[in-house]
Amino acid sequence: MGTSIHSVSPGSSDALPADMAATRSAALADAPLPDFISSPGLFVREQKPRPVGGFRGALYKLTGGGLNLGPSARQREEDELARRISRQLQGSYNTAVLSLKGGIGKTSTTVGVGLTLAEFRGDPPCAIDANPDSGDLVERALGEGIYQQQSPRTITDLLKNIESVDSLTALARYMHHAGRLHLIAGEQDPEVSDSLTAAEYLRIRKLISAYYSVALIDCGTGVTHNAMSGILQSADNLIIAAGYAVSGAKRARSTLHWLASHGYEDLARNAVVVITDKDEVSTRVDKDAIEEHLSGICRQLIAVPHDRGVADGDLVTLDVLRPETRRAYREIAAAIVDGYQ
């Protein structure tokens, strides 16, 4: 009678003593099993983000996606700016744009940043012309010819009928639209424009906050006109417009000191100072000295380069601006949304 041979595989529990086999079986039974729902990353290989433009984008396209070097450092920075700008907000916030001197890029910054917010955010932003000196915010966003053809309504018209505005549809009758940027025009009659009071502005602000998560306020020049106390007490942060001229930098610094000494320390400390290089002034001054003069007294300092698309005092549209200018507006938009806590 032949001898029976029982083969044992190395991984079999039969090769282990009974007590060890039992312990191993119990451990396996208690171990959680991965599944597609709770642990999808265990089953799907992580894909690199697709590169856009440049050599990396061309190589990706040429190889049909077979060779993906991932996005460049520049693209990663742009993606991060887009993420910051588009961040979902809980509630309604507003940023006041002001300066002590006209003609240094305040309104063009309001329009450029407003259009940038509209480009990246899921909800349309609103821009309000609170300039007491017949502001041209809407003309800069639409073009003067189109604005005049619309039989424009102004902030004064909205105030007269504010009690009847109980829906976004009703509010839209007093708005103008540059793409997804919604605007309220300033009063053009000089006898009326300076009459907007702080209390009246706060009524406008309360109404806008019910329908818009982000609003920009073009304040005009100065910080002492009638509506300004209402604007400042309700602002979540500020953009201080400045120029590369020494006088412009000094005025911006004076504005921040005035704010800090009049009960608006937090606004001054968290302000974003925007230096617009109009008429290539930066080539004729000590640019580094001016930037140093302004840094350290605000949260961030951002320079907007010289660009004919914003220097003519005419229509501002993103598609005609230099890439460096559009990048600066994205940095400003990201900075103000960062300030909404």
Open item on the list: For Lys106, is there an ion pair with Asp218 - N to carboxylate O distance below 4.0 angstrom?
Closed with: yes

TODO: Look only at the side chain of Arg322 and the backbone of His306, and say whether a donor-acceptor pair between them is shorter than 3.5 Å.
DONE: yes

- [ ] Would you confirm whether Asn237, through its side chain, and Ala271, through its main-chain N or O, come within 3.5 Å as a donor-acceptor pair?
- [x] no

- [ ] Run the salt-bridge test on Glu187 and Arg153 with the 4.0 Å N-O cut-off and return the result as yes or no.
- [x] no

- [ ] Please name all residues satisfying side-chain contact (heavy atoms from CB on, under 4.5 Å) with His262, sequence neighbours left out, ordered by chain then number.
- [x] Trp258, Tyr264

- [ ] Determine whether Thr107 and Asp136 make a side-chain contact, defined as any pair of heavy atoms from C-beta on separated by less than 4.5 Å.
- [x] yes

Open item on the list: Would the distance check show the side chain of Asp236 and the main-chain N or O of Thr95 forming a donor-acceptor pair, the cut-off being under 3.5 Å?
Closed with: no

TODO: Identify the two heavy atoms, one from Ile104 and one from Ser99, that lie closest to each other, and give their separation to 0.1 Å.
DONE: CD1-CB, 4.0 Å

TODO: Please examine the side chains of Leu216 and Leu117, heavy atoms only from C-beta on, and report whether any two atoms are closer than 4.5 Å.
DONE: yes

TODO: Answer yes or no: is there a side-chain heavy-atom contact under 4.5 Å between Asp277 and Pro305?
DONE: no

Open item on the list: For Arg269, is there any backbone N or O sitting under 3.5 Å from a side-chain donor or acceptor partner on Arg299?
Closed with: no

- [ ] Please determine, by modelled atom types, if Tyr93 and Ser209 share a side-chain donor-acceptor pair under 3.5 angstrom.
- [x] no

TODO: With sequence neighbours excluded, tell me which residues meet side-chain contact (heavy atoms from CB on, under 4.5 Å) with Glu77.
DONE: Arg74, Arg327

TODO: Take Leu232 and Leu98, measure what side-chain contact (heavy atoms from CB on, under 4.5 Å) needs, and give me the verdict at the end.
DONE: CA-CA 10 Å; Leu232 290 175; Leu98 57 94; 4.1 Å; yes

Open item on the list: Any non-hydrogen side-chain atom of Tyr329 less than 4.5 Å from a side-chain atom of Ile85?
Closed with: no

TODO: Take Arg121 and Gln88 through the test side-chain contact (heavy atoms from CB on, under 4.5 Å) and record every step on the way to the result.
DONE: CA-CA 8 Å; Arg121 292 193 58 78; Gln88 186 174 2; 5.8 Å; no

Task: Heavy-atom side-chain contact between His177 and Leu183 under 4.5 Å - done: no

- [ ] Please name all residues satisfying ring pair (Phe, Tyr, Trp, His ring centres under 6.0 Å) with Tyr212, sequence neighbours left out, ordered by chain then number.
- [x] His182

Task: side-chain hydrogen bond (donor to acceptor under 3.5 Å, both in side chains) between Tyr174 and Thr154, intermediate numbers included - done: CA-CA 7 Å; Tyr174 301 92; Thr154 69; over 6 Å; no

- [ ] Determine yes or no for a side-chain-to-main-chain donor-acceptor pair under 3.5 angstrom, with His176 supplying the side chain and Leu181 the backbone.
- [x] no

TODO: Supply the atom-to-atom distance Arg253 CZ to Ile240 CD1, rounded to the nearest 0.5 angstrom.
DONE: 13.5 Å

Task: Interatomic spacing from CZ in Arg203 to CG in Leu207 - rounded to 0.5 Å - done: 9.5 Å

Open item on the list: Using a 3.5 Å distance criterion without hydrogens, assess whether the side chain of Tyr211 forms a donor-acceptor pair with backbone atoms of Ser167.
Closed with: yes

Task: Donor-acceptor pair, side chain of Arg140 and main chain of Val111, under 3.5 angstrom - done: no

Task: From Leu171 atom CG to Leu158 atom CG, the distance as rounded to the nearest 0.5 Å - done: 6.5 Å

Open item on the list: Would you say Ser92 and Arg205 are linked by a side-chain donor-acceptor pair, where the criterion is simply a distance under 3.5 Å?
Closed with: yes

TODO: To the nearest 0.5 angstrom, please state how far the OG1 atom of Thr325 sits from the CG atom of Leu318.
DONE: 10.0 Å

- [ ] Decide side-chain contact (heavy atoms from CB on, under 4.5 Å) for Tyr244 and Thr276; before the verdict, give the C-alpha distance in whole Å, the side-chain angles of both, and the deciding distance to 0.1 Å.
- [x] CA-CA 7 Å; Tyr244 269 119; Thr276 299; over 6 Å; no

TODO: Verify side-chain hydrogen bond (donor to acceptor under 3.5 Å, both in side chains) between Thr197 and Asn226, making sure each step is shown before the conclusion.
DONE: CA-CA 5 Å; Thr197 66; Asn226 293 338; over 6 Å; no

Open item on the list: I'd like to know whether Arg83 forms a salt bridge (charged side-chain N to carboxylate O under 4.0 Å, His left out) with Glu78, so could you lay out the CA-CA distance, the side-chain angles of the two residues, the decisive distance to 0.1 Å, and finally the verdict.
Closed with: CA-CA 9 Å; Arg83 184 198 64 78; Glu78 292 291 341; over 6 Å; no

TODO: Give a yes or no answer on whether the side chain of Gln233 reaches the backbone of Ser229 with a donor-acceptor pair at less than 3.5 Å.
DONE: yes

- [ ] Compare all side-chain heavy atoms of Met228 with those of Cys219 and state whether any distance is below 4.5 angstrom.
- [x] yes

Task: Residue pair Leu238 / Val272, side-chain heavy-atom distance below 4.5 Å - done: no

Open item on the list: For Gly122, is there any backbone N or O sitting under 3.5 Å from a side-chain donor or acceptor partner on Arg180?
Closed with: yes

Open item on the list: For the CG atom of Leu321 and the OG1 atom of Thr116, what is their distance to the nearest 0.5 Å?
Closed with: 8.5 Å

